[in-house]
Amino acid sequence: MEKKKIKERKEVFKTDAGIVINRSYHSQAQEQPGKFPFTRGVHEAGYRSRLWTMRQYAGFSTAEESNKRYHYLLKQGTTGLSVAFDLPTQIGYDSDHDFAEGEVGKVGVAIDSIRDMELLFEGIPLEKISTSMTINATAFILLALYVGVAKKQNADIRLLSGTVQNDILKEYAARGTYIYPPKPSMKIITDIFEYCSMELPKWNTISVSGYHIREAGSDAVQELAFTLANGKAYLKAAIDAGLDINVFAKRISFFFNAHNNFFEEVAKFRAARRMWAKMTKELGATEPRAQKLRFHTQTGGSTLTAQQPLNNITRVTMQALSAVLGGTQSLHTNGYDEALALPTEQAARIALRSQQVIAFESGVTDTVDPLAGSYFVEQLTDQVESAAEKYIEKIDVMGGAVSAIEAGYIQEEIARSAYQYQKDIESQEKIIVGVNSFAVEENLNPDLLRIDDSIRILQSEKLKQLKQNRDNVAVQEHLSKLSQQAKDGLNIMPTVIQAVEAEVTLGEISDSLRRIFGEYQG
């Protein structure tokens, strides 16, 4: 059979001096790009065929304000949206709930109902844009809202592409925005797997997240190990639910952090692909697409400094480059001012421009895995893999990631690493430019983006109007049906979609399941 020609972005890739660049460079003994175990990348042509998706994480205040930022970013060249939700939305409370006071619209956009979701994506055709939603405990509700809005746009929902983070295990281990205990939470996750395998074939149903594990204080090896251990738990849960690993594993993606130790980060990304390929194969995956680890990367939020904030532009660029050389499929670069506040439009634009300079000016995208064959990078990839495997072996002995989290093992390991990192900074064993070395006197009054508490008043008024004008009898019928299905262990996704289309709120759905499953007391 004649081999299908790979479509590339241009006919010939050359250096500035006119030297022709090959698609990849390797010896016969080396692993090949696009081939098991995918150490050198999941695509044979790398970025020569397609660049990574350039995302900017955005969401603040009201849906209307966030929508303006999305349109701005799309005009600047962003190729995918990445949505941040406020804390009440993340933990299943409507904006008018007592627990939401002081948090509405602060760290992301407030979404209470399908009306908010419509405003969030007004003027943005959901069939044509890839959307990543950083949401976990309420991921099933936000996905239902997204589907509901797409249907209102008369979109073919089978064409919807994007990701819900939907990684509840790392919430128990590192971040804390959980609602229900682990077992019912895992059941909801497998409900999403099953629903999307039938109705949303292009949607990534989970983004197993190392990002927040790293932000909580882990090192690179721990980030890799604990993330893949969580991924393994999701694979086993789906298999136990009767799902075909060759189907659902294709829709699993990952979310990693990019920190400052440049070569360690590149090695981490390369090792991750190799480890996941072996792991999925051992669990029964036979199709190459089900063995491929695809991942989004965000530059390290915890590495940003409030002191000399413009230094963060350099940090972010270096981190972004490590992600690109590591073969990321999607990338978000942080704004230089994010240690101080939500990013301004200027900071978001500079962060995006950093990606574009790497993509179009640096030449690093012209060949696949350009660091392959480096004695240092290859050895470091092996060493990172070996160290991460030791952690995973310990977790397997404990009964898997859920048991390790319930025993507090993963949390304790992250805390130990975070403590050591802080000690190294205080002793100047680790230099942070502008913080514990090379400090200057500063008297800065930067132009920061501020969110005031009036947002809660606006959202509460919207909720009042919605509840007055909707069919409240139908709302109660939907909630009653949802509760019964949750008790019976049925897939709740179709009913949740029907509920949000009937204007049942996020908080009402969350509360109905709280009464069935209870709340996790970590």
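Heavy atoms only: backbone and side chains are in, while hydrogens, waters and symmetry mates are out.
Note on D116 versus K462: salt bridge recorded, some NZ/NE/NH1/NH2 to OD/OE distance being below 4.0 Å. Classification of K187 and D191 as a salt-bridged pair holds, one side-chain N sitting under 4.0 Å from a carboxylate O. Under 4.0 Å is where a charged nitrogen must lie from a carboxylate oxygen, and between E413 and K394 no such pair does.
Under the 3.5 Å distance criterion, with hydrogens and angles disregarded, a donor-acceptor pair is assigned to the side chains of T505 and E508. Residues T205 and R251 bring no donor and acceptor atom of their side chains to less than 3.5 Å of each other. Counted by atom type alone, Q291 and T280 present zero donor-acceptor pairs between their side chains at under 3.5 Å. With hydrogens and angles left out, the side-chain atoms of N334 and Q298 include a donor and acceptor closer than 3.5 Å.
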### Query
Would Y520 and S185 satisfy side chain to side chain donor-acceptor pair (under 3.5 Å), going step by step from the backbone distance to the final call?
CA-CA 10 Å; Y520 181 68; S185 293; over 6 Å; no
#### Entry: Q459 and R456: CA distance, side-chain angles, deciding distance, side chain to side chain donor-acceptor pair (under 3.5 Å) verdict
CA-CA 5 Å; Q459 287 296 115; R456 183 168 187 253; over 6 Å; no
### Task
Begin with the C-alpha distance, continue with both residues' side-chain angles, and end with the deciding distance and a verdict on side chain to side chain donor-acceptor pair (under 3.5 Å) for T177 and E171.
CA-CA 6 Å; T177 62; E171 295 297 327; 2.4 Å; yes
### Message
Please determine whether side chain to side chain donor-acceptor pair (under 3.5 Å) holds for the pair Q346 and T344, giving the CA-CA distance in whole Å, both sets of side-chain angles, and the decisive distance to 0.1 Å.
### Response
CA-CA 5 Å; Q346 181 196 46; T344 60; 4.8 Å; no
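Counting only heavy atoms from C-beta outward, the side chains of S510 and Y180 approach each other to under 4.5 Å. The closest side-chain heavy-atom distance from N67 to V109 is not below 4.5 Å. In this structure, the side chains of V164 and W203 come closer than 4.5 Å at one or more pairs of heavy atoms. For the pair L145 and I114, the minimum side-chain heavy-atom distance is below 4.5 Å. The closest side-chain heavy-atom distance from L160 to T131 is not below 4.5 Å. Using a 4.5 Å heavy-atom cutoff, the side chains of K170 and S209 are in contact. At a threshold of 4.5 Å between non-hydrogen side-chain atoms, the residues Y195 and F140 do not count as touching. Residues H259 and R315 have side chains not in contact (no heavy-atom distance under 4.5 Å, counting atoms from C-beta outward).
With hydrogens and angles disregarded, no donor-acceptor distance shorter than 3.5 Å links the side chain of R55 to the backbone of L331. Not a single donor-acceptor pair under 3.5 Å links the side chain of E501 to the backbone N or O of G148. The closest donor-acceptor contact from the side chain of N136 to the backbone of Y178 lies at 3.5 Å or more, if one exists at all. At least one donor-acceptor pair closer than 3.5 Å links the side chain of D156 to the backbone N or O of R158. Using modelled atom types, no side-chain atom of Q484 and backbone atom of K481 make a donor-acceptor pair closer than 3.5 Å. In this structure, T328 contributes its side chain and V324 its backbone to no donor-acceptor pair below 3.5 Å. Remark: the backbone N or O of I206 is not paired with any side-chain donor or acceptor of N166 at under 3.5 angstrom. Distance alone, capped at 3.5 Å, is enough to place a donor-acceptor pair between the R470 side chain and the E503 backbone. Here the side chain of D488 pairs no donor or acceptor atom with the backbone of L490 at under 3.5 angstrom. Remark: side-chain polar atoms of S512 are paired, donor with acceptor, to backbone N or O of I509 under 3.5 angstrom.
Remark: K75 is not positioned above the aromatic ring of Y72, lacking an NZ or CZ atom under 6.0 angstrom from the ring centre and at most 45 degrees off the axis.
For the pairing with I168, the side-chain contact (heavy atoms from CB on, under 4.5 Å) check across I179, I188, N230, I189 returns one residue only, I189. Each of F255, F256, F295 was compared with Y211 under the ring-ring contact (aromatic ring centres under 6.0 Å, His included) criterion, and only F255 meets it. Screening K281, K292, K250 for a salt bridge (Lys or Arg N to Asp or Glu O under 4.0 Å) with E287, the sole residue that qualifies is K250.
Separating the CD atom in Q485 from the CG atom in L513 is a distance of 10.5 Å, to the nearest 0.5 Å. The line from CG of L224 to CG of N257 is 12.5 Å long, rounded to the nearest 0.5 Å. Note: I392 CD1 to M279 CE = 4.0 Å, rounded to the nearest 0.5 Å.
Y234 has its ring centre no less than 6.0 Å from the ring centre of F248.
Shown here is R514, whose CZ atom has more than 12 heavy atoms of other residues, nucleotides or ligands within 6.0 Å.
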